[in-house]
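Below is one structure, written out as structure tokens, with a few remarks after it.
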Amino acid sequence: MPPTLAAVAALPQLGLRSLTGALPDAPVVWVAVSELEDPTPFLEGGELVLTTGMRLTPGGAAGYVDRLVGRGVAGLGFAVGVIHPDVPPELLAAARDRGLALLEVPRPTPFIAIGKAVSRMLAAEWYEDVTRAFQAQRELTRAALTGPGALVRRLARLLGGWALLLDASGAVRHAEPAAARGRAADLAPELARLRRRPASGSSPASMALAGPDDHVVLQRIGLGGRPRGFLAVGTDAPLPHAAHTIVGAAVALLTLQSETPRTGRDARAALAALLAGLPAAGPAVPDGPVRVLACAGRAAVRDALEADPAGERCLAAPLADGTMVIVPDEAAEAVTALLAGTGPIGVSGPAGTEAGAGALAGALRQAEDALAAARRAGRPILRHADLPGQGVLGLLEPAAARAFAAALLAPLQAEDLIGTVRAYVAANGQGEAAARALGVHRHTLRSRMRKAAELLGRDPDDPAARAELWIALAVTDNDGGPIGRPGDSPSGAPEIA
């Protein structure tokens, strides 16, 4: 959750003072500085608006406050000693009358200090949410190795609510707590809607139901076609973003258990364990080198693997936009040909399973990169080795290349600048494109790249330096090492969704 207005005002370094009494627990989603008489067209609600009152008149104070309240801002900060020596009494009276929290900003406190403070608080909250969600995903994965019942119990405890696992007919398979079984009958109409297959060939994958003190999320389990089951969770309050991520992880694990083709419960457990970095239980991924196929298809891939004996040697898992198939290296050509009609396919280079999840994570990145290139080029199959630049990497001695990459990138890794430099190199030094890829402002990117240049002792705008960085990053990716890309899961293992 974003920081509250009270928490922001309590920061001693800012010296903010409430002029309207006790502050509400209103979340502050951002800080907006505006001297407009009507800033509301540029606001979304939830902002702490800062102003010096440059255009404020006594007669316009009430209307100004009305507009801010109507937009749903978190509060108003007024800087004194800049334009006005004190907060105008008309503005203070209007704020008290309409319930708008009004903070006095002392002259020594620049607006940018307030913006930075809120930004740091938002970043800390985001990091805490990500950490909590990642830990919850690991706990769910461990529970899934025991069985779906254990997963449902763990999910309910993580969310502080109840959870139901239903089969395709709507019958209860597992409930936590046991009293939650009674909720199944209330969900029957919604289950019918999730089962429905309209003329477009698609159906909703989830739905949310809200009551005064009850919020329910209902999700399909299975890939396409008829659902294999349903997961329902209920809490007293709406689920925050991190909780939705946790529910999504539970659905992915349950889908993995229901969709893996003819490999059996033990093989599913082995794959889940490998992705979680845990000891494998039962038959593991085949010994020796394997390849990862990133397939655009889902149901068609599953059907093809189930219909051919070659599918028995594969481990398949759903991805956000397709299917990952792990296949022994010697069978890769046959399985690739088997799946050729299911949609575009990206094929990784060989990966040694003895290296565990790190090697598979690197192979999955290769396969996904190849799949993305296949989609752009309209090609049915594309191997990572055939992507531009891979031939150059093949000329390098592996140990020397890895040592070069580790030495060059170590300063960037220490300062968490790998993702920034990767985006800059991928954009061929085009700052605007790199900033868009990272989701940051171009000034932020420029500041980070200046820091990277200092750490590297070379200018990333120099084509030779950029070529060295490309090689180092590519070597690290191919090696399946610990240096990740924006969007990688925190463990370095692929996220299944």
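Residues take their numbers from the sequence shown, with the count starting at 1.
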Q) Hey, what do you get for CZ (R442) to CZ (R436), rounding to the nearest 0.5 Å? A) 11.0 Å
Q: Take V8 and V118 through the side chain to side chain contact (heavy atoms under 4.5 Å, CB included) test and state the conclusion after the steps.
A: CA-CA 7 Å; V8 175; V118 171; 3.9 Å; yes
Q.
Applying side chain to side chain contact (heavy atoms under 4.5 Å, CB included) to V347 and I381, what does each step give before you reach the verdict?
A. CA-CA 8 Å; V347 184; I381 298 170; 4.2 Å; yes
Q) Thinking salt bridges, do R291 and E333 make one under a 4.0 Å N-O criterion? A) no
Q.
Under a 3.5 Å distance rule, please check whether Q219 uses its side chain to pair with a backbone N or O of A232 as donor and acceptor.
A. no
Q) Any donor-acceptor pair under 3.5 Å linking the side chain of Q366 with the backbone of G349? A) yes
Q) So how far is it from I246 CD1 to Q137 CD, rounded to the nearest 0.5 Å? A) 7.5 Å
Q. Within a strict 4.5 Å, meaning less than it, do heavy atoms of the V327 and T336 side chains meet?
A. no
Q.
To the nearest 0.5 Å, what is the distance between CG on L408 and CZ on R458?
A. 5.0 Å
Q: Could you check if a side-chain atom of V247 sits within less than 4.5 angstrom of a side-chain atom of L159, using non-hydrogen atoms only?
A: yes
Q. Are the side chains of L254 and P148 in touch, meaning some heavy atoms are under 4.5 Å apart?
A. yes
Q) Is there a donor-acceptor pair under 3.5 Å between the side chain of T51 and the backbone N or O of S34? A) yes
(Q) Under a 4.0 Å threshold between the charged nitrogen and the carboxylate oxygen, would E47 count as salt-bridged to R71? (A) no
Q | Partner residues of A101 under the side-chain contact (heavy atoms from CB on, under 4.5 Å) criterion, sequence neighbours left out | A | L5, T20, L23, P24
Q: For the residue pair L11 and M121, establish whether any side-chain heavy-atom pair is separated by less than 4.5 Å.
A: yes
Q.
So C314 and L305, do their side chains get closer than 4.5 Å, heavy atoms only?
A. yes
Q: Using a 4.5 Å cut-off on heavy atoms from C-beta on, say whether the side chain of W30 contacts that of L122.
A: yes
(Q) When you measure from the side chain of T323 to the backbone of G297, do you find a donor-acceptor pair of N or O atoms at a distance under 3.5 Å? (A) yes
Q.
Tell me the closest heavy-atom pair linking R466 and P460, and the distance in Å.
A. NH1-O, 3.1 Å
Q. Can you name the nearest heavy-atom pair linking I114 to V31, along with the distance?
A. O-CG2, 4.2 Å
Q.
Has S348 got a side-chain atom pairing as donor or acceptor with V292's backbone, closer than 3.5 angstrom?
A. yes
**Q.** Pairing of E139 and R154 as salt bridge, 4.0 angstrom limit
**A.** yes
Q. Which value, rounded to the nearest 0.5 Å, describes the distance between I345 atom CD1 and R379 atom CZ?
A. 13.0 Å
(Q) Quick check: closest heavy atoms across A304 and L338, and the distance to 0.1 Å? (A) O-CD2, 3.8 Å
(Q) Tell me the closest heavy-atom pair linking A452 and L412, and the distance in Å. (A) CB-CD2, 3.8 Å
Q: Decide yes or no on side chain to side chain contact (heavy atoms under 4.5 Å, CB included) for M449 and T420, but give the supporting numbers first.
A: CA-CA 7 Å; M449 288 306 300; T420 297; 3.8 Å; yes
Q | For the student: nearest non-hydrogen atoms of L48 and G77, plus distance | A | CD1-N, 4.0 Å
Q: Without swapping roles, check the side chain of S119 against the backbone of G115 for a donor-acceptor pair under 3.5 Å.
A: no
Q) Tell me, do V325 and L315 make a side-chain contact under 4.5 Å, heavy atoms counted? A) no
Q) Restricting to pairs with a member in residues 431-454, which pass ring-ring contact (aromatic ring centres under 6.0 Å, His included), not counting sequence neighbours? A) H441-H443
Q. Is the count of non-hydrogen atoms from other residues, nucleotides or ligands lying under 6.0 Å from E35 atom CD greater than 12?
A. yes
Q | Side-chain (Y424) to main-chain (G429) donor-acceptor, under 3.5 angstrom | A | yes
Q: Of all the heavy-atom pairs spanning L417 and R448, show the shortest one and how long it is.
A: CD2-CB, 4.0 Å
Q: Report the C-alpha separation of M324 and L293 in whole Å, then their side-chain angles, then the decisive distance to 0.1 Å, and conclude whether the side chain to side chain contact (heavy atoms under 4.5 Å, CB included) test is met.
A: CA-CA 6 Å; M324 169 180 71; L293 277 57; over 6 Å; no
**Q.** More than 12 heavy atoms from other groups under 6.0 Å of CZ on R107
**A.** no
Q) Between S18 and L103, is there a donor-acceptor pair closer than 3.5 Å when you use the side chain of the first and the backbone of the second? A) no
Q. Can you tell me how far the NE2 atom of H384 sits from the CG atom of L371, to the nearest 0.5 Å?
A. 12.5 Å
Q: Taking the side chain as every heavy atom from C-beta outward, state whether V28 and P2 have any pair of such atoms under 4.5 Å apart.
A: no
Q | Pairwise distance NZ(K116) to CG(L14) - rounded to 0.5 angstrom | A | 12.0 Å
Q. Has the side chain of T342 got a donor or acceptor atom that lies under 3.5 Å from a matching backbone atom of L339?
A. yes
